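See below for the structure under consideration.
All ligand and atom numbering here is 1-based and tracks the order in the structure. Nothing here was measured: the structure is a model prediction, and the numbers come from that model.
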Amino acid sequence: MAVERTLSIIKPDAVAKNVIGQIYSRFEAAGLNIIAARMMHLSRREAEAFYAVHRERPFFKDLVEFMISGPVMVQVLEGENAISKNRELMGATDPRKAEKGTIRADFAASIDANAVHGSDAPETAAIEIACFFPTLAIFSR
Ligand code: IDP
């Protein structure tokens, strides 16, 4: 198994619900190390750039509005198969379809406000991590 890094974002809805710690506990229990973290309030430009792959999708405008509606918690997770492991912990994009016990099933209200983001592949993980963290701010162990 490969040690990977992935970018995770706790979205404005979950930050507002005060469940950062509960979500962090799930990462830790799954063997994922939090090796960088920062709370930030994304600008419109940052949110649009981050979700640029979805620019043509009908939900793009609402997604950007939601992502800038409040602070987010951004972290780099590292561990064996971190990318797929985090996606498993997150559950399906639509919380109504997310498996019981996943972050989205437990904390998300809708497909628009679905609690967390996680990179979906090694290439996107590398790009997304570089969006938020310089190498010097990442503490692997
Ligand atoms: P993911 O977050 O599970 O990887 P993506 O398909 O990459 O899902 O979509 C990015 C984000 O865009 C989702 O987390 C969700 O917030 C939003 N989104 C995706 N599909 C829809 C939709 O059909 N309606 C509204 N929002 C959507």
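Annotation: atom 5 (P) of ligand 1 to nearest protein heavy atom, His54 NE2, 3.8 Å. The closest protein non-hydrogen atom to atom 4 (O) of ligand 1 is Arg87 NH1, 2.8 Å. In terms of protein heavy atoms, atom 18 (N) of ligand 1 is closest to Phe59 CE1, 3.5 Å. Scanning the protein heavy atoms around atom 8 (O) of ligand 1, the nearest turns out to be Thr93 OG1, 3.3 Å.
Remark: ligand 1 atoms within the under-4.0 Å shell around heavy atoms of Asn114 are 13 (C), 14 (O), 15 (C), 16 (O). Those atoms of ligand 1 with a heavy atom of Asp112 less than 4.0 angstrom away are 16 (O), 25 (C), 26 (N).
In this structure, Glu48 CD and His54 NE2 are separated by 14.0 Å, a value rounded to the nearest 0.5 Å. Of the inter-residue distances, the one linking Met67 atom CE with His41 atom NE2 reads 10.0 Å to the nearest 0.5 angstrom.
Put simply, the side chain of Glu128 does not reach to within 4.5 Å of the side chain of Ile9, judged on heavy atoms. By the 4.5 Å heavy-atom criterion applied to side chains, Phe107 and Ile10 are not counted as neighbours.
Not a single heavy atom of Met90 sits closer than 4.0 Å to an atom of ligand 1. Taking a 4.0 Å cut-off on heavy atoms, Ile111 registers as neighbouring ligand 1.
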Given side-chain contact (heavy atoms from CB on, under 4.5 Å), test Val74 with Phe50 step by step and report yes or no. CA-CA 12 Å; Val74 189; Phe50 184 76; over 6 Å; no
With side-chain contact (heavy atoms from CB on, under 4.5 Å) as the criterion, how do Glu4 and Glu80 come out once you've worked through the C-alpha distance, each side chain's angles and the decisive distance to 0.1 Å? CA-CA 6 Å; Glu4 292 174 338; Glu80 299 281 352; over 6 Å; no
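Nearest residue to atom 2 (O) of ligand 1 from Arg57, Arg104, Met67 is Arg104 (criterion: closest heavy atom).
Scanning for salt bridge (Lys or Arg N to Asp or Glu O under 4.0 Å) contacts around Arg96 gives Asp94, with sequence neighbours left out.
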